[in-house]
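Convention: sequence-line order gives letters A, B, ...; per-chain numbering from 1.
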Amino acid sequence: MAMGSSRALLILSNFKFKPTLPFASSSLKPFPPFIRNNFRTRNFSAKTSSSLPPPDLPRLAETARISLAPNEVEEFAPKIRRVVGWFGQLQAVDLDNVEPAIRADTEGDNLREDVPETFENKEALMASVPSYKEPYIKVPKVLNKE
Amino acid sequence: MASTLFRTIQIHPFLLYPTALFSRRNGVLYCTMKSSQSQTATQEKQQPPKVKVPQHALKKTVDKITRDYEAIIGIETHVQLSTLTKAFCSCPYNYGSQPNTSICPICMGLPGALPVLNSKVIEFAVKLGLALNCKLSLNSKFDRKQYFYPDLPKGYQISQFDIPIATGGYVDLDLPLEFGGGHRKFGITRVHMEEDAGKLLHSGNGAQVDLNRAGVPLLEIVSEPDMRTGIEAAEYAAELQRVVRYLGISNGNMQEGSLRCDVNVSIRPIGQSEFGTKVEIKNLNSFSSINRAIDFEISRQALLLSEGQGDQIVQETRLWEEGAQKTITMRKKEGLSDYRYFPEPDLPEVILTQEYVDSILKSLPELPEMKRRRYENMGLSMQDVLFLANDMNVAEYFDATLSSGADLKLAANWIMGDIAAYMKNEKLSINEIKLTPKELAELIASIKGGTISGKIGKEILFELLAKGGTVKGLIEEKDLVQIVDPVEIGKIIDKVISENPKQLEQYRGGKTKLQGFFAGQVMKLSKGKANPGLLNKILLEKLNAKS
């Protein structure tokens, strides 16, 4: 499933370095954090050697809504740094004569006609909902949008 | 936009636009004013005194203060597209359906489900980009905007971050005459595609989610911060509504949520180049709310700045309270959001060919701005232009009436006057009235040519509107042809005069007002068919004839 590869990307995206990865280059930006609609220019790859600051793991876990015990933070930080290092090896590739791509793959559109289709098995859908009080999905009160 | 004076909006009862409601209630404005003297600790604990000031006096004070500042206003608009299915799945969308009846694994974000883009979304996006005079990105992509909220099933919204489908456009519009008129041009920074979230309803100590709306396609339009007053902002929003309706890509209905506007307002002393602190305002449900909320916020900020309390203006999101007619703080956000954007791996690049774009450009209807300029060039007054071009259906009706040969000004007057009044009374749209443009042209010609009198014309108009039929048919059926033969009119007048000797004597004795009485009687006898002009001319002759 596509979720696996994207989780790695998720972790990657929070690090303060200018990636030269073709598929991730344009949308990543080091701190300050992204402010909606303020991003105008694309960051092209800069051949800097990766002297990466250590990841702010507690913050990372908070944004991903994953709870980590202090000993887990200590345990995971070096492991994550190593994963980043593996990807960092790609920095060695010379991209001076390569046009930055918008996305990784090159296949074209996969479009669908605007024709309605009702999904029949609604019972199965609602059976997977932890707390369903017809006709609504019940959720706890959430104060802040993230 | 060199002129930076903030002008208070005058309260005006007459409104041209059916869709833009610009009424403001007359009344007393409450304001809280902090005393300019330094406050002791105990004083600070108390509520600042609430001063009850008559509205006109307060306006003058506010006017004076805000005159020193320039407001910078930008608007983010979300347009809900009227496609048959959602953006990334084939679920239909119908406003007002029973909750959670139009859902599937894709829009519910269930594991394993993959999005597939609806081709109509691209078509609508290109249409809007072209209509807003934007540069289209022939290659663009989708990105994930990640945050957690109960109405966002996937935990991210599929949007477009750094490469939107359209950038760098503008809208031309004309401000309504009752607000001073004038032409404006406002820049559009970008237009991009994204999906809507579900609906979250608070209830008791929890909340409820309806995912019918999750995945519905949206186009987000970000304006340049070019607006300077509430009315400019409201008119910008109204023009966007006009454009999306003309294009047929959305209902553009603020009350239903198919057009949503968030406004950003900051002010700075005139002459200063740095921008002030930006405040976002949400919960605007009508054009008049946009207008009033901005005016209020400008006043609020200006008052604070003028009292040296500029630090009280913080970057935050405020809600417009329609009842209280003021903005209030929403919960203050801690820090800025980190949405961790990255390209959506499950969707391919969006590729447009120049041929595709050109074919859509060719298919665009005449847009509001073009229509306004065309009507203006035909010789219509600005008032007529703004009314007729506001609703695409009205403009079409007007154009059809003209192409049936009707006189320009008369056609405009009939549509803007009696026909508009009828539509308002019966709550009908112009597509629902029974009078066809061809028959309206016929009616105008009949009156102009003298076949029937203007008064009779107005009478049969009502029947034509309600029941249809042809003008010629009605004239024949009801024997409405105007009497223009002076001899015949003379005969009727003679009869009336002979039947009313007393009034005749009174008239000749000096009561010249009785001419009206005679005229009325002649009209009655002729069943309204006598030509009024001739009637009065001959009547006067006869009344004054004998000594």
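In terms of heavy atoms, Thr63(A) sits closest to Arg340(B) at O-NH1, 3.3 Å. Looking at every heavy atom in both residues, Lys141(A) comes nearest to Asn205(B) through CB-O, 3.9 Å. Annotation for Arg103(A) and Glu349(B): closest pair CD-N, 3.9 Å, computed over non-hydrogen atoms. When all heavy atoms of Asn100(B) and Pro135(A) are compared, the closest pair comes out as ND2-O, 2.7 Å.
Only the side chain of Leu110(B) comes within contact range of chain A, judged by heavy atoms closer than 4.5 Å. Contacts of Lys86(B) with chain A are made by backbone atoms alone, with heavy-atom separations under 4.5 Å and no side-chain atom involved. When heavy atoms are compared at a cutoff of 4.5 Å, Leu201(B) approaches chain A solely by way of its side chain, counted from C-beta outward. When heavy atoms are compared at a cutoff of 4.5 Å, Leu347(B) approaches chain A solely by way of its backbone atoms N, CA, C and O.
Listed options Ser159(B), Gly155(B), Pro150(B) were ranked by heavy-atom pairs under 4.5 angstrom with chain A; first place goes to Pro150(B). Note on Pro140(A), Ala124(A), Pro116(A): by heavy-atom pairs under 4.5 Å with chain B, the leading option is Pro116(A). Here Ser119(B) is the residue among Ser119(B), Gly198(B), Gly206(B) with the most heavy-atom pairs under 4.5 Å with chain A. Residue with the most contacts toward chain A among Pro92(B), Pro105(B), Ser102(B): Pro105(B) (heavy-atom pairs, distance under 4.5 Å). If you tally non-hydrogen atom pairs under 4.5 Å between each of Pro164(B), Cys91(B), Cys89(B) and chain A, the highest count goes to Cys89(B). Comparing Val115(A), Val129(A), Leu111(A), Ile137(A) by heavy-atom pairs within less than 4.5 Å of chain B, the highest count is held by Ile137(A).
At a threshold of 4.5 Å between non-hydrogen side-chain atoms, the residues Ile102(A) and Ser140(B) do not count as touching. Residues Asp151(B) and Val139(A) have side chains not in contact (no heavy-atom distance under 4.5 Å, counting atoms from C-beta outward).
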Next on the checklist: Evaluate Arg59(A) against Asp338(B) for side chain to side chain contact (heavy atoms under 4.5 Å, CB included), listing each step before the verdict.
Outcome noted: CA-CA 11 Å; Arg59(A) 194 183 160 276; Asp338(B) 178 4; 3.0 Å; yes
Item to check | Test side chain to side chain contact (heavy atoms under 4.5 Å, CB included) applied to Leu125(A) and Met108(B), step by step | outcome: CA-CA 8 Å; Leu125(A) 288 181; Met108(B) 275 186 92; 3.9 Å; yes
Item to check | From CA spacing to verdict: side chain to side chain contact (heavy atoms under 4.5 Å, CB included), Val209(B), Tyr136(A) | outcome: CA-CA 6 Å; Val209(B) 171; Tyr136(A) 289 107; over 6 Å; no
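No donor-acceptor pair under 3.5 Å is formed between the side chain of Arg65(A) and the backbone N or O of Phe148(B).
Within a 6.0 Å sphere centred on CD of Glu74(A), heavy atoms belonging to other residues, nucleotides or ligands number 12 at most.
Applying the side-chain hydrogen bond (donor to acceptor under 3.5 Å, both in side chains) test to pairs two or more places apart or on separate chains, those with a residue in residues 113-128 of chain A are Asp114(A)-Thr85(B), Asp114(A)-Asn118(B).
Not counting sequence neighbours, the partners of Phe142(B) by the ring-ring contact (aromatic ring centres under 6.0 Å, His included) test are Phe88(B).
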